[in-house]
Every structure is written in C-alpha cells, then in structure tokens.
Amino acid sequence: MALPRRRNLSYNRFRSLVKFISAISGVLLILFAFLSFLAPSPNESQHFHLRHHHNSFNAVVEDPVTSGDSVFCSSGGKLDRDIWSSRNAKFFYGCSNVSAKFAKAEAVSHPTRYLAIATSGGLNQQRTGITDAVVAARILNATLVVPKLDQKSFWKDASNFSEIFDVDWFISSLSKDVKIIKQLPKRGGKSWTPYTMRVPRKCSERCYQNRVLPVILKRHHAVQLKKFDYRLANKLDTDLQKLRCRVNYHALKFADPILEMGKTLVHRMRMRSKRYIALHLRFEPDMLAFSGCDYGGGEKERNELGAIRKRWKTLHKNNPDKQRRQGKCPLTPEEVGLMLRALGYGSDVHIYVASGEVYGGEETLRPLKSLFPNFYSKDTIATKEELAPFSSFSSRMAALDFIVCDESDVFVTNNNGNMARILAGRRKYFGHKPTIRPNAKKLYRLFLSRSNMTWEAFASRVRIFQRGFMGEPKEVRPGRGEFHENPSACICEDSEAREKATAYSRGKKNGKLEKEVMVSDDQNDYDDNDEPRWPDLDDDENQVWPQEKLHYNGTGSEYDAVISDEPELEEMLSD
C-alpha cells in the first residue's frame, strides 16, 4: 500500500511541476513577443549598417526604410520628450519694447546728418547689415537713407530694397526710433553724392562717434558706408540691442509678392502634413571645395573639388581627417537624415529642403530621400509659372525658402551660415521653436563607427551629443555668440508662470508631473562641456568677425587669410 501511495504522490508533484514550468514558459513567450514588437524593424537596421563612413555618399540605398512603426511611431518617435516642441518655451518670450529712457527720434535726430549704407553678400548677410544700419544711424543721431542692396556680388541679384522688403512698413514702423528717407534730398537743385568710407568690423558706439561722426559734422553731412556687413559691435547698450530686434523681427517684412508666395508654399506643406521639418542644406560644390573635407567620393570627388579649390590661390591644402575631427565639415544629406531618425523623427515625417546646387545631385540626395520619402522643395510644390517672378533673382528665391523654414515646426541645418544663424535667433524670439544644429565635432566619431554598433546604441549617442544643440531656452549663455543668433537682450522670462508651474508640480504626489511641467536650469539637456563654443566677439578690437571664420564651428585660421584677397569666396560662403 505504501509503495502505490508514494508513486501517486510523486506523480502529482510531477504534474504540478509541469504546470508551473508551462506557466513560466507562457509568460516568457508573451514577454519575448512584447520585446519583439518594440525592437527596431529589420529595414531600419539594414539601412543603418549599409555603409561605412569612408564609402561614397553617392552609393545607392538598396533597401528603402519603411514606415516608422517600430522604434518610430507616426508622431515621430517613442521618447521621453516631445520632439516637436521645446520643453521650457512657455516660460520665455520675445521682448523688444522701447524703454522710457529711450528718446524718440524726433527729439534726437539732427536735420543735417545723413547716413547711407551699401550692403554686401546674399539676402541674409544683407539683412544683418540693414539691421545694424538702423542702429548705427541712431548712434549718430542721423537720418538713415533706405539701404542700397548689393547687386554685384557672387549672388548677382539686381533687386532693390523695395522688391525684397516692404519699404513703407520699414520706414513707418521705425519712425519713433530713427528717421528714414527713401533717398537723399537734392542739394542746390542737384543730386547729392555722399562721402564714401568704410568702418572696421564690429565697430562700437565709441568707434562710430570717433570715426564717422566727425566726417559728417566737419565735411559732408552725408556719409555712405560701403560693404556694410557686421560693421557693428556685438555688445551694445540694452536699448540699442532691443532696437536691433525691432528692426530684424518686426520692421523687416518681405514685400507682398514674396510674402504671398511664401505663405502659399507653407500652406501646401501644411496640406500634406500637420507638421513638417525644414532643412537648410548647404552642399554646393564651391562650399565643399572650400571646406577641404573628404565626403567619401574617392578619387573622382578629390579631383573635382580640388579643381574648384584651385580657383582661390590663398587656400592651402587641408588635412581632411583633421577638418572633420574639428567639426569643420558639413554633414552629408545622409548623415543629416540618420541624425534626425536617431532623434525620433519617423520616415512618415514631411521634409522641406532649402538648398542650392547639391554636389552629386540626385545620387547624393537618394539616401536622405530613402530615410524621408516625403521630400519637398519649392520646385516640387510650386509650378514654374508660379516661381517665374522670383526664379531669376537669388535673393527673392532665398526669401521664399526663408519663409518656409521660419514657419516650420522644426528647423534643421547642416551649416553655420547667415541664414542658419538668423533663423536660429528669430525662432528663439518667437517662441523657441525647435532648431537643430548638428554637434559636428562629436557626431564625427559616431558616424565613423556606426557600422560597429546597434541602431539603439547609435540613436542613444546621437541624442546625448545633441544636448545643447536643439534650440532649447538658455542653451547658449547670454552675451555669447553673435547677437543675431543669440538675441539674449530680447528674450524675457515669465517668472510668474514658472513659479506657478513649480508650485503646481510640488503639490502633486506623483513626482513625474514635475519633470514634465518644468525642467530647472541646472537640469537642461547639456552640460558645460557640451555647450557650443562661441567666441566672445567684443574682447579685442582686432578680433575677426564670425562670418570671417570657417563655418561648422571652425576656428577660422584659413578663412581669415582669404577674406581680403577673395571677396567672391567670402560672399559665396556667407549665406
């Protein structure tokens, strides 16, 4: 009897053990299925491992990335942040109102002082000159003549001021700050030719008072400052900085034909998608030749870009690897695409690309288009007939791109030219809309070794390296960098709203809400080591201005040598 009982007991124990193991196996199977669902799609991984850094960027992407239903959801990604907005934007706003101590123009303007300027470069470089000209006129207590646009430079655009900007609005909106007239009055019934001179770059208030004012007072009463780009100091009195902002962000409104066409382009992008990214892509042959970088195109690329580079005798031979290590090389279209995917933007996101001639043409763009098939430009969303009034004028075409980029939900750039800097500052002023600048120096090594890591590891590193380069408030310390990119004097903080948000979050038992509502200053997504290395632009009188430096966070040693001898090169690189 005892033996059958023991056998029966052992059998029951065995049945219980089998049931337990089955239950555990079922749980593990469910967990495995869940993790498989969250894992990146094979297509994403295949594209990620397609090419090494030194392979040609012209190589064909054979496996297009499909919908973002794995790592990336339809909204762009499953991350711990909203990829379409800045977390603390609601606590900051643009503020450029005149202070009570800033006298009105009619009280300070001298009737016999006139200032005229001749701008230089492309649309956006000229925009900085126009903005600074208004401030210079105020410093001199002079009447400003509507600026003369550059019609002879590399960009060869014959447009005058009123064909690009609303001249009447420009004059009327600034009437309390500076008196502005469309042309110099006649003198003795004859046309008045002003005395022409140049001022040094980053000329301070004292500089204008010591160099320009004596010429106006003692000699001619009318002075024209030629090649007027970056001729005003970066650091000025707060009231003058706010005047800069009133000019740049309020008074400089595009002429109606440009404005209407720009709005049409934005509307067509919105009809295609609720949100869109705008990419300012500078990848022209001239730009790449100047950079001296290696873009993976082999002997053919080196010969082609080398031949272009020889046009400028003052350029020396560069070390391509050193250039890239120092962050002086613009990201390729594919690298921009991989960066955006890593940041959480899915393949279903719509992209508007503002660019000139892309080196390599469609072959170069193909990897980016495979990552983001919804790829547009003004040429694809407007007809030739619609663009005809603008297509023969580089500044007018650039103005259309400016509008679409400005209105985008996210703005991305692969360069540090004037358009990128001006839009970065403008987007801060109007609500800190996300503005992504690649941390080229740190991304370099990541792109170099990306074939040796998983997509998850790559994406994680990209997000870490991009902290401090995403357009969040206070990423760049006040007074650092160029004012048009970091208009800190015109950005105010809503302390009351911030305090309310803090008090509200503290009153909640769940600490998670506090993180979502507000991120304190010392919790921003960057540290001092990641902060962009901006020069202090007014430290000494002989310092070279930023647009005279190498782009892409460069040091400028090579560019400095070519400025005076290669004006066409300077103009080409400027925008």
May I ask you to test the [X]-[Y] pair for a side-chain heavy-atom distance under 4.5 Å?
X	Y	value
Y249	P487	yes
L448	R324	no
D401	M419	yes
K428	F92	no
I258	F165	no
K369	R366	no
R426	D406	yes
L338	W455	yes

CA sep, side-chain torsions, deciding dist, call: C492, C95, disulfide bond (SG atoms under 2.5 Å apart): CA-CA 6 Å; C492 294; C95 53; 1.9 Å; yes

Does [X] reach the main-chain N or O of [Y] with its side chain, forming a donor-acceptor pair under 3.5 Å?
X	Y	value
Q466	N439	yes
D157	S395	yes
R427	G431	no
E363	G360	no
T383	E386	yes
R341	L371	yes
Q126	G121	yes
N414	R282	yes
R268	I381	yes
K235	G479	no

Taking atom types as modelled, is there a side-chain donor on [X] or [Y] under 3.5 Å from an acceptor on the other?
X	Y	value
Q241	R244	yes
N124	R127	no
S96	Y429	yes
N486	S488	no

Could you grab the distance from atom [atom1] of [X] to atom [atom2] of [Y], nearest 0.5 Å is fine?
X	Y	atom1	atom2	value
I422	T131	CD1	OG1	7.0 Å
N416	E482	CG	CD	9.0 Å
L236	N234	CG	CG	8.0 Å
M261	I403	CE	CD1	10.0 Å
L400	S377	CG	OG	11.5 Å
Y276	S408	OH	OG	5.5 Å

Salt bridge flag under 4.0 Å for residues E407 and R270: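 No, E407 and R270 are not salt-bridged.
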
Name of the residue among Y376, F375, F372 meeting ring pair (Phe, Tyr, Trp, His ring centres under 6.0 Å) with H350: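 That would be Y376.
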
Ring pair (Phe, Tyr, Trp, His ring centres under 6.0 Å) evaluation trace for W169 with F254: CA-CA 10 Å; W169 171 258; F254 288 118; over 10 Å; no

Mutual orientation of the aromatic rings belonging to F283 and Y295 [parallel < 30°, tilted 30-60°, perpendicular > 60°]: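 Judged by the thresholds at 30° and 60°, the geometry between F283 and Y295 is perpendicular.
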
